[in-house]
Amino acid sequence: MGTMMIARTRDLLANSLVYATLDAGLSTLSSGESLPLDVIASRLRRHARITVLTGAGISAASGVPTFRGAEGLWKQFRAEELATPEAFARDPRLVWEWYDWRRRRIAACRPNGGHDVLAVWSRRFPSFTLITQNVDGLHERAGTRGVLRMHGSIWEVACWSGCAGSPARWTDEAVPLSEIPPHCIYCGGLIRPGVVWFGEALDPEIVAKCLEATRCDVFLTIGTSAVVYPAASLIEEARRRGAYTVEINLEPTPASAFVDVAVQGSAEQVLADIDRRLEQG
Ligand code: OAD
């Protein structure tokens, strides 16, 4: 995989973005079986401390492309040419063209029922944390409170050279961008997307908050392939700390083998089914 780091590390302290391949063990249940959903609803109903980790699968029904799988972005594009600091240094125009295309695509998407259920839960449950690897901003647009964005936001930018006059990052929602590559309004140099690229360190404050949120009663991992670290290690950490762990995904992932229950189904459908059970009390 070129410059992208491939690792089997599960060490949260090694908090730079890495990509891992693990063999998936299977212990999944179909969402057609109602018992696991009843059990999940009953766990949630106890007003427990709830933490949710989402990945690209939660936004799939909105029309945002995922990264892996047959139609995934990494089937069409090479991560090392578009999502690393080296790639940006080599060809900022190419990288920005790709991000401008993604921004235009995401701008045309709306939050789906899965985002909506999680937004409602963020207000309903007194202790609820949503951690996302997504940069699309759809959880925020659905009205979810206190989203922890591990990989930044596609709607933010930062000065590439980190000039003294600029904030660490700022919002820029221009679609399409008025120039490619765009320039820093403070120093005139290049700006970069406000996302975390492979090989870069994650914001240590966010990582600390995510780690803290693994100290919970119920931990749901939804629509993520669970192969990018440190996000994937949060599932293991929650399990280690005694949380009841639930996976919702269209297909098995490396996390399926060790979560308490792996529900195979679409996030929007399964979340609606669980929410209906919660509503029915
Ligand atoms: P992936 O594209 O790797 O995985 C998406 C997961 O969602 C897969 O496991 C699918 O089976 C599942 N899925 C797809 N549609 C679904 C649906 N409707 N309901 C439920 N599950 C569904 O995306 P992530 O795991 O989010 O990082 O990828 C993690 C990181 O890798 C991303 O943040 C991105 C990427 O490279 C960077 O770009 C830095």
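Quick caveat, the model's predicted, so the values are computed rather than measured. Order of listing sets the numbers, starting from 1, for every ligand and every atom in it.
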Open item on the list: Which of the numbered atoms in ligand 1 are under 4.0 angstrom from any heavy atom belonging to Gly55?
Closed with: 26 (O)
Open item on the list: Hydrogens and angles aside, do His115 and Thr144 bring a side-chain donor and acceptor to less than 3.5 Å of each other?
Closed with: no
Task: Atoms of ligand 1 close to Glu251 [distance to a heavy atom under 4.0 angstrom, numbered from 1] - done: 11 (O)
- [ ] Have a look at Ala56, Pro254, Gly57 and point out the one with the heavy atom closest to atom 22 (C) of ligand 1.
- [x] Gly57
- [ ] May I have the step-by-step check of salt bridge (charged side-chain N to carboxylate O under 4.0 Å, His left out) for Arg149 and Glu156, ending in yes or no?
- [x] CA-CA 12 Å; Arg149 289 192 298 252; Glu156 288 182 351; 3.4 Å; yes
Open item on the list: Give the atom numbers and elements of ligand 1 that come within less than 4.0 Å of a heavy atom of Ala60.
Closed with: 15 (N)
Open item on the list: Out of all atoms in ligand 1, which are within 4.0 Å of some heavy atom of Ala267? Include the element for each.
Closed with: 17 (C), 19 (N), 20 (C)
Task: Lys/Arg cation over aromatic Trp98: Arg102, 6.0 Å, 45° cone - done: yes
Task: Any Leu220 side-chain heavy atom under 4.5 Å of Leu44 side chain - done: yes
Open item on the list: Between Arg277 and Asp38, does any NZ, NE, NH1 or NH2 come within less than 4.0 Å of an OD or OE carboxylate oxygen?
Closed with: yes
TODO: Tell me which part of Ala83 gets within contact of ligand 1: side chain, backbone, both or neither, using heavy atoms under 4.0 Å.
DONE: neither
Open item on the list: Please determine whether salt bridge (charged side-chain N to carboxylate O under 4.0 Å, His left out) holds for the pair Arg141 and Asp116, giving the CA-CA distance in whole Å, both sets of side-chain angles, and the decisive distance to 0.1 Å.
Closed with: CA-CA 9 Å; Arg141 278 169 63 191; Asp116 292 340; over 6 Å; no
TODO: Would you check the N or O atoms of Ile248, main chain and side chain alike, for any that come under 3.5 Å of an N or O of ligand 1?
DONE: no
Task: Contact atoms of ligand 1, heavy-atom distance to Glu268 under 4.0 Å - done: 18 (N)
Open item on the list: With no hydrogens and no angle check, just 3.5 Å: does a side-chain donor-acceptor pair link Glu247 and Thr253?
Closed with: yes
TODO: May I ask you to identify, for His151, whether its side chain, its backbone, both or neither come under 4.0 Å of ligand 1 on a heavy-atom basis?
DONE: side chain
Task: Any N or O of Val196 closer than 3.5 Å to N or O of ligand 1 - done: no
TODO: Determine, step by step, whether Thr224 and Gln133 satisfy the side chain to side chain donor-acceptor pair (under 3.5 Å) criterion, reporting the C-alpha distance in whole Å, the side-chain angles of both residues, the deciding distance to 0.1 Å, and the verdict.
DONE: CA-CA 8 Å; Thr224 174; Gln133 298 164 85; 2.9 Å; yes
Open item on the list: Taking Thr51's backbone N and O only, do any of them form a donor-acceptor pair with Thr129's side chain (distance below 3.5 Å, no angle check)?
Closed with: no
TODO: Take every heavy atom of Trp197, measure it against each atom of ligand 1, and state whether any distance is under 4.0 Å.
DONE: no
Open item on the list: Less than 3.5 Å apart, any donor N or O on the side chain of Asp136 or Trp155 sitting next to an acceptor on the other?
Closed with: no
Open item on the list: At less than 4.0 angstrom from any non-hydrogen atom of Gly223, what atoms of ligand 1 do you find?
Closed with: 5 (C), 6 (C), 7 (O), 21 (N)
Open item on the list: Within the 4.0 Å heavy-atom shell around Phe198, which atoms of ligand 1 are there?
Closed with: 36 (O)
TODO: Before giving the answer on salt bridge (charged side-chain N to carboxylate O under 4.0 Å, His left out), spell out for Arg124 and Glu279 the whole-Å C-alpha distance, their side-chain angles and the decisive distance to 0.1 Å.
DONE: CA-CA 11 Å; Arg124 177 187 295 165; Glu279 294 283 333; 2.6 Å; yes
- [ ] Please say whether Ala226 places an N or O atom under 3.5 Å from an N or O atom belonging to ligand 1.
- [x] no
Open item on the list: So, regarding Thr253 and ligand 1 (criterion: nitrogen or oxygen to nitrogen or oxygen, under 3.5 Å), is there a contact or not?
Closed with: no
Open item on the list: Geometry only, no angles: is Val228 polar-contacting ligand 1 at N/O separations under 3.5 Å?
Closed with: no
Open item on the list: Check for me whether Gly265 has a heavy atom closer than 4.0 Å to any atom of ligand 1.
Closed with: yes
Open item on the list: Using a 3.5 Å cut-off on N or O atoms only, is Ser266 in polar contact with ligand 1?
Closed with: no
Task: Test item: side-chain donor near acceptor, Thr214 and Arg241, under 3.5 Å - done: yes
TODO: May I ask which of Arg149, Gln133, Lys75 has a heavy atom nearer to atom 29 (C) of ligand 1 than the others do?
DONE: Gln133
